[in-house]
Chemist: 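Please read through the structure below; I'll follow up with questions.
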Number of protein chains: 2
Amino acid sequence: MSPKRAASGEAVPGGVWLREPGPASRAPALTRERIVAAAVGVLDAGGTEGLSMRRLADALGVHATSLYWHVAHRDDLLDLALDAVFGEVALPAAPAQSWRAEIGAFMGELRAALLRHPWSAALAVSRPLLGPNALAHSESVYAALARAGLAGLDLRAAAAAVSTYVIGSAAAEAAWRNQGAAAARSAVNDHLRRNADRYPTLAAHAVTGEEDWEAHFARGADAFLAGLATPRPAGPATR
Amino acid sequence: MSPKRAASGEAVPGGVWLREPGPASRAPALTRERIVAAAVGVLDAGGTEGLSMRRLADALGVHATSLYWHVAHRDDLLDLALDAVFGEVALPAAPAQSWRAEIGAFMGELRAALLRHPWSAALAVSRPLLGPNALAHSESVYAALARAGLAGLDLRAAAAAVSTYVIGSAAAEAAWRNQGAAAARSAVNDHLRRNADRYPTLAAHAVTGEEDWEAHFARGADAFLAGLATPRPAGPATR
DNA sequence: ACCTGAACACCGTTCAAGT
DNA sequence: ACCTGAACACCGTTCAAGT
């Protein structure tokens, strides 16, 4: 695990400073951590499409093919970068608060992390979340819901729904923000108003000005948590 | 709007059958509908990554660059194909049933359509849904929820949550099904069991055998609809 | 063990040219 | 109006080679 001993020679006190840091003393130059950190940077800058092996290699001062020593495919990079985003979300310190407060807090924090990296939510819906950070959060959500008395299919469905709602909302928000934003929004409004005969309710109720995404999200999350708290009709299918 | 008149010549009764369908009488060969239908086919066969302009052109017996006459970018193709999937979902015929039944039915049908085209859900989370078919469904969801008494932010949040839940669930399901399925599943189970100290609740409650995805989905949808039906605390922020 | 360099089989998109 | 063909600037990934 420790890096190889630096090049040999007589032990001269203070010699480190005099010797050229020969190739043997260079740390591996590339590590998974460095690669993943750089990948997150490239993704933040250019989105999923902007992440190419060559561009990432450039950012690391290295040839593209070198990356394949540390990583099997480009896809692995995406999975690793995504789990790094989950790693930005703190795990609940004290399990003292109510399950509802704990899960509500988790939802808010996960949303914030996903929005800090606008490429991440779209990625999170499209691949199994099995990285250590994602699993750690999954575990704490399961634990909180189990404390709430859920089990079996109810528990699994509730846990899945929690992350589905957060990730899906963040992905939608990121998708809207990505594009021209203001320009796009007014184009949509125009379109709806021009076709008010086909879309009367949309024309009357859909967005007009600046969306308050956070209030929007919180409203849905509230409704959703209220639903989870509602006792299920104890049908025979409950296992 | 009507296609150009076929090549001229003396009007001989029954002559159509005798004349070669010369180049002048060929219909435009490429139309947006044909292109979109072929794109859906290519996507069904090879997923989002499998859709390239050249491959699609091949399927249509045409040169790749010809597509650019009908479509501006590859992205347009994705938007058009996605809206075609929404077009497979029937609009509610009679607005007679309860809003809850209507929306529940819509959710089930949309899920089915998205799963018939496993590439579609992941796409639907990552881009604004502004195609005519998507908007038509959006309109009817808004209308049903407005009938239920929702308005303003409540209405928008509820409508957004409905599609977020359906699309997010379908995307997650498709992602799990895409990969090795059985192999992957048992690998995950092994992984969780090996790390049961880190993930005790997951190891105890997470999937073991075959998932019943539909029951899973329905359970979450029920909880979710129950939450929507729960009256909101009439805070001052309700506009 | 780790990185390079050349190479292969692809990409999306443009643009001038044909009919 | 619609399609072709050549061309440009990219891709992910492999593999033999270097150190």
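Order of the sequence lines fixes the chain letters, A, B, ..., with proteins taken first and strands second; residue numbering starts at 1 for each chain.
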Chemist: Could you state the CG-P distance from B:Asp58 to D:dT4, rounded to the nearest angstrom?
Modeler: 11 Å

Chemist: Rounded to the nearest angstrom, tell me the gap between atom CH2 in A:Trp69 and atom P in D:dT13.
Modeler: 17 Å

Chemist: Look through every strand shown and name the nucleotide pairing with C:dG5 as Watson-Crick or G-U wobble, where both distances are under 3.5 Å.
Modeler: D:dC15

Chemist: Provide, to the nearest angstrom, the distance between the CG atom belonging to A:Leu30 and the C1' atom belonging to C:dA1.
Modeler: 13 Å

Chemist: When the distance from CG of B:Asp76 to C1' of C:dT13 is rounded to whole Å, what number comes out?
Modeler: 13 Å

Chemist: Closest approach of B:Ala157 and A:Gly220, non-hydrogen atoms and distance?
Modeler: CB-N, 4.2 Å

Chemist: Could you list, one pair per line, each protein nitrogen or oxygen that sits under 3.5 Å from a nitrogen or oxygen of nucleotides 9-12 of chain D, together with the distance?
Modeler:
residue : atom : partner : partner atom : Å
D:dC11  : OP1  : A:Ser52 : OG           : 3.3
D:dC11  : N3   : A:Arg54 : NH2          : 3.4
D:dC11  : N4   : A:Arg54 : NH2          : 3.4
D:dG12  : OP1  : A:Met53 : N            : 3.4
D:dG12  : OP2  : A:Met53 : N            : 3.0
D:dG12  : N7   : A:Arg54 : NH2          : 2.5
D:dG12  : O6   : A:Arg54 : NH2          : 2.6

Chemist: A:Leu67 CG to D:dT14 P: how many Å, rounded?
Modeler: 13 Å

Chemist: With no hydrogens and no angle check, just 3.5 Å: does a side-chain donor-acceptor pair link A:Glu88 and A:His117?
Modeler: yes

Chemist: Rounded to the nearest 0.5 Å, what separation is found between the OG1 atom of B:Thr48 and the CG atom of B:Leu82?
Modeler: 9.5 Å

Chemist: Fit a plane to each ring of B:Phe224 and B:Tyr165, take the angle between them on a 0 to 90° scale, and name the class: parallel (under 30°), tilted (30 to 60°) or perpendicular (over 60°).
Modeler: parallel

Chemist: Any salt bridge between B:Arg127 and B:Asp75, counting N to O under 4.0 Å?
Modeler: yes

Chemist: Determine which nucleotide pairs with D:dC10, using a 3.5 Å limit on both distances of a Watson-Crick or G-U wobble pair.
Modeler: none

Chemist: Go through it in stages, so that I can follow the logic: the residues are A:Tyr199 and B:Tyr142, the test is ring-ring contact (aromatic ring centres under 6.0 Å, His included), and I'd like the CA-CA distance, side-chain angles, deciding distance and then a yes or no.
Modeler: CA-CA 10 Å; A:Tyr199 315 122; B:Tyr142 263 76; over 10 Å; no

Chemist: How close or far is atom P of C:dA16 from atom NE2 of B:His63, stated in whole angstroms?
Modeler: 16 Å

Chemist: Is B:Ser66 close enough to D:dT4 that one of its side-chain N or O atoms is under 4.0 Å from OP1 or OP2 there?
Modeler: yes

Chemist: Would you say B:Thr65 reaches D:dT4's phosphate, i.e. side-chain N/O to OP1/OP2 under 4.0 Å?
Modeler: no

Chemist: Output the rounded distance in Å from CZ (A:Arg32) to P (C:dC2).
Modeler: 12 Å

Chemist: What distance separates B:Asn133 CG from B:Asp83 CG, expressed to the nearest 0.5 Å?
Modeler: 4.0 Å

